[in-house]
Structure formats: structure tokens, C-alpha cells
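Below is one structure, written out as C-alpha cells; comments come after it.
Ligands are counted one by one from 1 in listed order, and the atoms in each one are counted from 1 as well.
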Amino acid sequence: MAALLTLNAGSSSLKFSLWPDGVTRGAGGQVEQLGGAARLVFDGGDGEEAREIGPVDHAGALEVILDALAPALAGRRVSGVGHRIVHGGADRRGPARLTAEVVAELEALAPFAPLHQPHNLAGLRAARAVFPDAVQVGAFDTAFHRGHPWVNDTFALPREYYEAGVRRYGFHGLSYEYIAGVLAAEAPELHAGRVIVCHLGNGASMCALKGGRSVGSTMGFSALDGLPMGTRCGQIDPGVLLYLMDRRGMSAGEITALLYRESGLKGLSGITSDMRTLEASDDPRAGEAIDYFVFRLSREIGAMAAVLGGLDGLVFTGGIGENSALIRARAVERLGFLGLAVDEAANAARAREIGAGPVRILRVETDEESVIAAAVRAEV
Ligand code: AMP
């Protein structure tokens, strides 16, 4: 099989993974700080190397990536490119070939995800220019959640808003799809049951899985709702936004910057959005930011257990979920009543199974790229 490439294009970075034989993961990395003093971080298998590449846009970054991948490609053709696309809309339940018609639909969804969708599509345009003959496939963060029951899908607004697309879409679907696959392979009895997955990274959300399908998510219309995140606020009373507009005279742009980039762990601590740095800090504000994160995490686990009507398993994933024994332990500290308890030694040892109560607790390293690669593989 010819080579495949997976891309995750954001506002300031372009992440990539090469699948040289279409199945095995090869070199990967990212171009960071797009539009500024960009750098290529490249891992060809012997650890990461970084070098400055000067200002580039998505297309320029892809040229640099292709150059860096040339030895690994060894003359092989890239026959398919898979793109992570944040928004697939209300009906799209799986990946899709990015035909002109599909791309037009995705462009129309940009107002629903203005900070992500246009960049995802810029990545597609760049890939089209560099690989004009390759099949281009989109894998959508919303698709995995499309089976939500209506009560989990709607806001209590007049119906016309729901019809116009103002609904809870849910995100991080590629990660949840990967985790559901791991459960199916390693713990089929859990896969068949009721599981809460906590994807905790710079972005954070939770998904309620029943029989391997998403029935609830803490993220909703946008990637702002639910848990507090690195720089995003998580759940907030909409009255606060009205006050900010009405009484503080803040514009939509200013409120967007506040909610997406200045809030969450960064806003609460006044120090950083980075959990590892907060854990290492003895500043009381760092401790309070962690307290809030843990409190909301416990609260949402309780809510998701109610959505599921009980709980068989809890999974931690994402940069924080995979690496922070402290957050995993504290998240369930007050949830003994749900059957959740952490085995301290297993938790510290980063074991797969870290539960000590009747409800299983797992630590799983997520792999969104492999879900995108599988989507492209199915189309080439
Ligand atoms: P992600 O967006 O999934 O890459 O996750 C990034 C988050 O994971 C950042 O807040 C990191 O500080 C956090 N993280 C990574 N490693 C650790 C660690 N060993 N302990 C605590 N947090 C960590």
C-alpha cells in the first residue's frame, strides 16, 4: 500500500504523522508558531529534533514537512491524506471524502467553530496543492456524538434555534472513538457497559459511553462548555456574558479572547495553563486552580453517571489524564459512593487498571491519529 499522511491543522500549528506503508506509524511531528517565527519539530524515530524555519503559512509548512519526510517516504507516493476536522455538522456520523460538495458544507459550518474550522480547511487546501492526486478524507470531532438522545442534544431555547444548528455537538470524538476501540479489544465487558471517559488535556471534556456509543458529552455547542481547561472557562452562567457585554461594554471579540485564551487554569492561577507546572508550584493560586479543576471533574463524573444510569468503568486519557496521578486520584476522592476508588500503587505506577473499588478505573493513552489513519485507509 502507498503511504498515508494524517494532518491536524490548527491556528498556530500543523501536526502530522506519516504512515509509510499505510498501516504502520512512521515519522511525525509538527510545525509550531505558524505565521510567526515557525519551527519544525520532527521525530523520525530517534527522538524529537527542532529547527527554526521562518514565517510560513499552512501551505509553506506542508512543503517543509514534505521535505523532512522525503527520506522516510523513500520515493513512495502519498495516496491519501486524512484531516482532523473539528465540525462535521448535525448529521455526519463518520468520516467523509472531502469532495467539493462536502467541503462547501464544512465551510458553511465555520461560524459554529470559528477558531478551528477555517484552519482545518486551510490544512486541506494546503494538502490539495501539495498532493493533487491523493484522496483527501476528513475525520470529525463531532461525528462520534451524533447518536445522542434529543435531551442531550438540545438547549432549552425556542425550537427554531435547534433547527438552525444551535445544539450540543460534543467534541474530542476521535479520542473517544479510539478509547471505545481499546475497550472493545481489551475489556469487552466494559465496552458493553456504562463507561465515563475523561479526556483531560489543554482541552478537556468527558464522554458517557453506553455499549461503546456516546450518549452524553460535557462539551456542547462549542469547545468551551463543561470542564475548565488550560485557558478555556468550561461551564459558565450565560448571565455572566450578558453582564460583560451590557455593563462592561466588552465586544464579542474581547469576550471570545477572555473565554478561550485567558480563563481556565491560566485565569484562575494567574500563572500558567500547564497542569504540570501548577502541580510543581507552591503558589496558593496554583493550588486553588487545581482545586477548581478537580471539583468540576468530580461534579461532571457524577452528572455523567446519572446520564448513564450507573457506572461500570471510568477511563482517564489526554496529557493530564494519562500523566497526572494526582488529578486521577483527586478526581474520584469524593466519589466512593459511586464505587470509585483509586489503588494508590497502581496509580503511581501508571498501570492500565488503577481502580480499587467495584467500578473499574483505567488509564489509556489516546491516539487520535490512528483513528484518522484508519478513516483514510478505508477510502484509498
Ligand atoms: P494535551 O493537550 O493532551 O497534550 O495535554 C497537555 C496537558 O497535560 C498540560 O496541562 C500538561 O501540563 C499536562 N501534563 C503532561 N504531563 C504531565 C504530568 N506528568 N503531570 C501533570 N500534567 C501533565
Side-chain angles (χ1 to χ4, degrees), residues 6-17 28-33 39 41 43 48 50 84 86 115-116 119-120 141 171-179 182 197-207 217-219 223-224 226-234 260-283 285-294 296-297 315-333 342 344 346-351 354 362-372:
T6 56
L7 294 178
N8 180 354
S11 58
S12 65
S13 71
L14 179 59
K15 300 192 179 107
F16 62 95
S17 292
Q30 61 176 311
V31 172
E32 304 174 335
Q33 295 167 46
R39 315 186 317 139
V41 180
D43 187 347
E48 283 188 354
R84 179 184 191 167
V86 70
L115 301 188
H116 294 99
H119 303 293
N120 301 158
D141 271 309
F171 298 92
H172 286 140
L174 303 178
S175 177
Y176 295 128
E177 188 175 338
Y178 176 79
I179 301 291
V182 170
V197 186
C198 305
H199 177 109
L200 310 177
N202 280 323
S205 74
M206 224 176 259
C207 176
S217 163
T218 56
M219 273 184 179
L224 278 177
L227 301 172
M229 309 177 212
T231 61
R232 289 176 242 161
C233 59
Y260 277 94
R261 291 194 281 277
E262 302 300 330
S263 298
L265 295 173
K266 182 182 176 195
L268 282 172
S269 69
I271 303 170
T272 176
S273 62
D274 190 84
M275 183 58 88
R276 196 170 4 185
T277 310
L278 291 174
E279 285 186 18
S281 167
D282 49 19
D283 188 316
R285 294 173 308 163
E288 282 173 0
I290 295 176
D291 287 347
Y292 183 80
F293 187 80
V294 165
R296 299 303 300 212
L297 200 47
V315 177
F316 287 103
T317 193
I320 299 172
E322 292 164 20
N323 297 307
S324 174
L326 175 82
I327 297 296
R328 290 193 298 266
R330 288 197 54 195
V332 302
E333 218 168 45
V342 151
E344 269 181 43
N347 189 30
R350 302 164 60 83
I354 60 169
L362 280 72
R363 190 192 76 89
V364 181
E365 289 175 15
T366 196
D367 183 0
E368 290 150 310
E369 282 76 24
S370 73
V371 176
I372 306 172

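Taking distance alone, with nitrogen or oxygen atoms compared against 3.5 Å, Gly203 stays at or beyond that limit from ligand 1.
Applying the 4.0 Å criterion to heavy atoms of Gly201 picks out, from ligand 1, the atoms 1 (P), 2 (O), 3 (O), 5 (O). Counting atoms of ligand 1 from 1 in the listed order, those under 4.0 Å from a heavy atom of Asn323 are 15 (C), 16 (N), 17 (C), 18 (C), 19 (N), 20 (N). Proximity to Ser324 (heavy-atom distance under 4.0 Å) selects the following atoms of ligand 1: 21 (C).
Protein heavy atom nearest atom 13 (C) of ligand 1, with residue, atom name and distance: Ile320 CG1, 3.6 Å. The nearest protein atom to atom 2 (O) of ligand 1, hydrogens excluded, is given as Asn202 N, 2.8 Å; this is a heavy-atom distance. Atom 10 (O) of ligand 1 has Met275 N, 2.9 Å as its closest protein atom, hydrogens excluded (heavy atom only). The single protein non-hydrogen atom nearest to atom 4 (O) of ligand 1 is Gly319 CA, 4.4 Å, given as residue, atom name and distance.
For Glu322, no heavy-atom contact with ligand 1 is shorter than 4.0 Å.
Between Glu365 and Arg350 there is a salt bridge, with a side-chain nitrogen of the basic residue lying less than 4.0 Å from a carboxylate oxygen of the acidic one. In summary, Glu322 and Arg363 do not engage in a salt bridge, as defined by a charged side-chain N under 4.0 Å from a carboxylate O.
For the 3.5 Å distance criterion, the side chains of Thr317 and Tyr178 fail to qualify, holding no donor opposite an acceptor. Counted by atom type alone, Ser324 and Glu279 present one or more donor-acceptor pairs between their side chains at under 3.5 Å. Side-chain N/O atoms of His199 and Ser175 include a donor and acceptor closer than 3.5 Å.
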| query | Stepwise, does the side-chain contact (heavy atoms from CB on, under 4.5 Å) test hold for Arg84 with Asp141? | reply | CA-CA 7 Å; Arg84 179 184 191 167; Asp141 271 309; 2.8 Å; yes

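Between Arg232 and the options Arg261, Lys266, Glu262, Met219, a side chain to side chain contact (heavy atoms under 4.5 Å, CB included) holds for only Met219.
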